[in-house]
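Have a look at the structure below before the remarks.
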Amino acid sequence: MVTLPRIILKRGKEKPVLRGHPWVFSGAVAKIEGEVSPGEVGQVYSQGGQFLGLGHINPHSQIIVRLLTQKKEELGEEFFRERISRAMSLREDWSRKKTNAYRVINGEGDFLPGLIVDRYGETLVLQCLTAGMDRLKGMLTHLLVKEFRPQSIPHSIYERSDVATRREEGLAENRGLLFGKDVPEFVEMEEYGCRFRVNVKKGQKTGFYLDQRENRFFLKELSEGKKILDCFSYTGAFSVHAGSGGAKEVTLVDSSEEALAMAEEHFSLNQLEKVPHRFIRGDVFESIRGLEPGYDIVILDPPPFAKKRGHLPSASRGYKDLSLWAFRLLNKEGLLFTFSCSHHMSWDLFQKIVFSAALDSGKSVQLIRRMGHPWDHPINLCHPEGEYLKGLICKVL
Ligand code: SAH
């Protein structure tokens with residue numbers, strides 16, 4: 001342990017760490033003792049000399065340390081095996097029969113900062129967001145294979161470390177096969193009885209928006225006989241669930257031609273060709289203005305508008321504009337499913353925005369439910385930044 005670099009915090013900056021927050025910002029550091037290279041393990045101490053924990057250091061990142069433990073322990077294979085196995089057992093019972101696609105490891109939420117692993121059938125997709133996890137890629141791949149072996153998976157592990165945030169860590173983007181057979185262009189998966197084909201090599205995120213699973217299922221239960229507008233549809237997952245729930249008609253809007261082509265395939269794959277559906281390729285902000293009112297359900301699931309706190313004012317205008325138009329298009333008794341996937345957008349602010357859109361639309365609106373991410377996306381309570389998805393389900397009276 002003595003050979004590990006030591007990070008000494010400024011006076012008072014130990015408080016969040018003592019409460020269990022896994023991040024140390026560079027501004028909180030008084031001194032670094034020893035040479036450090038990105039991704040190395042270091043020890044964190046308070047100004048008064050108290051040991052606070054061990055974590056991955058990256059001097060190039062604003063988050064200079066991501067703590068892995070508050071104990072003095074060996075951060076070797078057994079440590080990571082135990083964390084991976086704990087993450088897997090959380091999903092085991094629940095995923096059975098409901099889906100074969102879910103998040104296996106959710107970074108900080110599973111006490112493995114910087115590591116994301118998603119499962120799509122027999123394929124695992126791994127994403128390293130930090131230099132520390134990047135260094136451990138080989139060992140993590142080996143451990144995942146070993147821990148999943150009793151279930152005869154994975155057949156392949158594919159890396160999708162091609163996210164922009166890696167640049168803030170001084171890391172290049174990486175993708176490619178880490179283990180097993182080459183991954184086909186499309187991997188098939190099942191979610192609550194609906195089938196989807198996922199492009200894990202090139203699709204958005206790791207190929208699919210797993211975090212919306214329960215919200216899609218909720219929509220399915222309400223879709224019978226309804227006319228539905230699915231804005232920011234991506235490959236049509238909400239629409240397919242709506243169709244299989246008996247929707248009368250579905251309109252999908254997205255700017256990505258590839259995503260809409262896949263959505264069309266998803267209708268066939270689920271034998272939903274007979275459900276009237278149409279695709280609008282374009283910018284939702286423009287397209288929504290040209291639609292005739294008369295929808296029973298409108299879904300708004302845009303990309304994050306506020307990746308940084310400073311974006312909140314423009315993000316708020318975006319959410320307000322979309323909600324206002326959605327309320328205008330909705331019938332009496334109609335439902336709005338509106339989501340924000342920006343951590344910086346709080347529940348309170350999001351609700352106020354939707355409320356002000358309701359006021360401007362001149363309609364009377366009830367909030368009937370709040371929906372977040374499902375439990376394969378757990379949140380470490382000491383790390384509230386992990387909670388990003390916020391959904392409000394509103395009813396027009
Ligand atoms: N609802 C989807 C996920 C949506 S992700 C699901 O359940 O799978 C956000 C989508 O918005 C992406 O497919 C992206 O192509 C699309 N998008 C981003 N900006 C857009 C815009 N201004 N107009 C239309 N689509 C947009």
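Atoms within each ligand, like the ligands themselves, are counted from 1 in listed order. Keep in mind the model is a prediction, meaning the values are calculated, not measured.
When only modelled atom types and interatomic distance are considered, Tyr192 and Glu214 share a side-chain donor-acceptor pair under 3.5 Å. Side chains of Glu258 and Ser256: a donor-acceptor N/O pair is absent below 3.5 angstrom, by distance only. Of the N and O atoms on the side chains of Glu387 and Trp347, at least one donor lies less than 3.5 Å from an acceptor on the other residue.
Applying the 4.0 Å criterion to heavy atoms of Phe238 picks out, from ligand 1, the atoms 1 (N), 7 (O). For ligand 1, the atoms sitting less than 4.0 Å from at least one non-hydrogen atom of Ser256 are 15 (O), numbered in the order shown with element in parentheses. Heavy-atom contacts of Tyr234 reach the following atoms of ligand 1: 2 (C), 3 (C), 4 (C), 8 (O), 13 (O) (cutoff under 4.0 Å).
Taking any N or O of Ser255, backbone or side chain, at least one lies under 3.5 Å from an N or O belonging to ligand 1. Taking distance alone, with nitrogen or oxygen atoms compared against 3.5 Å, Phe232 approaches ligand 1 more closely than that limit. Inclusion of Asp301 in the set of residues having an N or O under 3.5 Å from an N or O of ligand 1 is warranted. Note: no N/O pair closer than 3.5 Å links Asp230 and ligand 1 by distance alone.
Seen from the ring of Phe51, Lys72 counts as a face-on cation partner, given the 6.0 Å and 45° thresholds.
Looking only at heavy atoms of the protein, atom 23 (N) of ligand 1 is closest to Val284 N, 2.9 Å. Among protein heavy atoms, atom 12 (C) of ligand 1 sits closest to Gln204 OE1, 3.2 Å. The protein heavy atom nearest to atom 18 (C) of ligand 1 is Pro303 CG, 3.5 Å. From the protein, the heavy atom lying nearest to atom 5 (S) of ligand 1 is Tyr209 CZ, 3.3 Å. Atom 22 (N) of ligand 1 has its closest protein heavy atom at Asp283 OD1, 3.0 Å. Among protein heavy atoms, the minimum distance from atom 10 (C) of ligand 1 is reached at Asp254 OD2, 3.4 Å.
Using cut-offs of 30° and 60° on the angle between ring planes, the pair Phe305 and Phe285 is tilted. In this pair, His373 and Tyr388 present their aromatic rings tilted. The plane angle is within the 30 to 60° band. The aromatic rings of Phe196 and His241 lie tilted to each other, with the angle between the two planes from 30° to 60°.
At least one heavy atom of Gly282 sits less than 4.0 Å from an atom of ligand 1. Residue-ligand proximity: Ser233 is placed with a non-hydrogen atom under 4.0 Å from ligand 1.
With Arg195 as the fixed residue, the side chain to side chain donor-acceptor pair (under 3.5 Å) test singles out one of Gln271, Glu188, His266: Glu188.
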One pair to check against salt bridge (Lys or Arg N to Asp or Glu O under 4.0 Å): Asp321 and Arg289. What are the steps and the verdict? CA-CA 10 Å; Asp321 187 60; Arg289 289 171 154 76; 2.7 Å; yes
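Ring to ring, His383 and His21 are close: their centroids are under 6.0 angstrom apart.
Which of Gln212, Arg213, Arg216 comes nearest to atom 6 (C) of ligand 1 through a heavy atom is settled by distance: it is Arg216.
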